[in-house]
Visitor: 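Sending over a structure as structure tokens; questions will come in a sec.
Atoms within a ligand are numbered from 1 in the order they appear, just like the ligands themselves. Any value given below was found using the heavy atoms of this structure, including those in side chains, with hydrogens, waters and symmetry copies removed.
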Amino acid sequence: MTTACYSHEASSGHVTPPGHPERVERMQAVAEGLAGLELDRREAPLAEEAEVLRCHPASYLARIKAGLPEEGWSQLDGDTFLSPGSLEAALRAVGGTCAAVDLVLSGGAGNAFVGCRPPGHHAEQDVAMGFCLFGSVSIAAKRALEEHGLSRVAIVDFDVHHGNGTQALMWDEPRVLFASSHQMPLYPGTGAAEERGAHGQIVNVPLRAGSAGAVMRAAYEDVILPRIDAFRPELILISAGFDAHADDPLAGLNWTAQDFAWLTGRICDLAAAHCGGRVVSTLEGGYDLPALAASVAAHVGVLKERSA
Ligand SMILES: [Zn+2]
């Protein structure tokens, strides 16, 4: 078995205005991070619209389509933009994540990484925000439940920002455990430990600005990993944002590439214990390009080691 890696050149067709941190160049950094790894490389397919509708109303999809500019940009919120290629890019981010779930659940790969953009974990049912259009990881979780008949899917979100969109989309879904670590206070402002979901299946672990990997490791060992263990997931999805890295310009945590490797290994430990190692990881944030490349290399390197 190997690690599958989904990407598509359409990810570079989602163009943000000059100076925007969520930029096309991130894809080059991801490619550099993956360059030394032997992976089963695949093109991210275009998601069908019905896939998006698992988590978003048709009126929202229609609004995104209507908002696509013929050239330049249109603006959805203070920091979320559309360019002419944004819809295809976002549909391939969804499609790649869903295809990775299908492949891993069918035994075609041990685990998978989806290196597409735009990210998705801030998108709520009918609100684009935080650079995100569609909730890719939530849609993939729903697909695993509804098309593959799974009963328990865990989503681990280690992006430095709280995954408010995933939390909103999964709030009333008892078959999904959503666990997030994030800096607080920080954008988007949600993610307090008291936010637990309609069925107590949401686990929020806020971390203080300036804290380093040791604090993260303790938080996972004490809180998040035991909850995942007790949940006995049949599949683990990861919202893999790398903006908790010390060099990231958008936040103030001090993780290293080795911290991402450690955390990936611990998630893989639980996947090995409960679900045959089945992990699908999808890219969220990470805005310092060298740190993003190094962190992706560390993260996917561990996935590769553990897919054997
Ligand atoms: Zn982030």
Side-chain angles (χ1 to χ4, degrees), residues 11 14 16 19-27 29-30 33 76-81 89-90 93 97 113-124 127-138 155-170 178-192 195 202 204-213 215-216 219-220 224 237-257 259-260 263-264 281-296 298-299:
S11 287
H14 170 58
T16 50
H20 196 288
E22 206 292 287
R23 57 207 192 275
V24 169
E25 290 79 2
R26 297 181 67 231
M27 290 293 92
V30 170
L76 297 171
D77 87 336
D79 50 25
T80 310
F81 293 82
T97 311
F113 176 72
V114 185
C116 293
R117 60 183 281 281
H121 73 151
H122 293 306
E124 299 187 349
V127 182
M129 59 182 280
F131 320 154
C132 299
L133 302 181
F134 303 134
S136 301
V137 79
S138 295
I155 302 173
V156 183
D157 184 332
F158 58 71
D159 188 280
V160 78
H161 303 96
H162 179 239
N164 63 290
T166 308
Q167 173 166 297
L169 297 172
M170 298 292 107
F178 174 57
S180 175
S181 62
H182 41 272
Q183 181 181 325
M184 199 169 189
L186 188 67
Y187 182 91
T190 50
E195 298 166 25
I202 289 175
N204 281 307
V205 178
L207 302 171
R208 288 181 193 279
S211 64
V215 173
M216 175 275 286
Y220 273 86
I224 292 180
L237 305 178
I238 301 176
S239 264
F242 299 98
D243 39 11
H245 191 284
D247 293 344
D248 198 275
L250 294 197
L253 296 190
N254 288 316
W255 300 11
T256 65
D259 290 317
F260 291 109
L263 180 51
T264 307
S281 174
T282 191
L283 180 68
E284 300 283 0
Y287 304 101
D288 179 80
L289 299 182
L292 176 60
S295 301
V296 165
H299 173 63

Visitor: Quick one, Pro21 and Phe131 - any side-chain contact, counting heavy atoms below 4.5 Å?
Guide: yes
Visitor: Which atom name does Asp159 have for its N/O/S atom nearest to the Zn ion (ligand 1)?
Guide: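 Result for Asp159 and the Zn ion (ligand 1): OD1.
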Visitor: Strictly under 2.8 Å, is the Zn ion (ligand 1) approached by any N, O or S atom of Asp243?
Guide: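 Yes, within the cut-off.
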Visitor: Return yes when at least one N/O/S atom of His161 is nearer than 2.8 Å to the Zn ion (ligand 1), and no when none is.
Guide: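 An N, O or S atom of His161 is closer than 2.8 Å to the Zn ion (ligand 1), so yes.
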Visitor: Hey, does the side chain of Ser211 reach the backbone of Arg208 with a donor-acceptor pair shorter than 3.5 angstrom?
Guide: yes
Visitor: What are the two closest non-hydrogen atoms of Glu22 and Arg26, and how far apart are they?
Guide: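 Minimum heavy-atom separation between Glu22 and Arg26: OE2-NH1, 2.8 Å.
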Visitor: State, to 0.1 Å, how close Val137 and Leu237 come at their nearest heavy-atom pair, and which atoms those are.
Guide: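 What the structure gives for the nearest pair is O-CD1, 3.5 Å.
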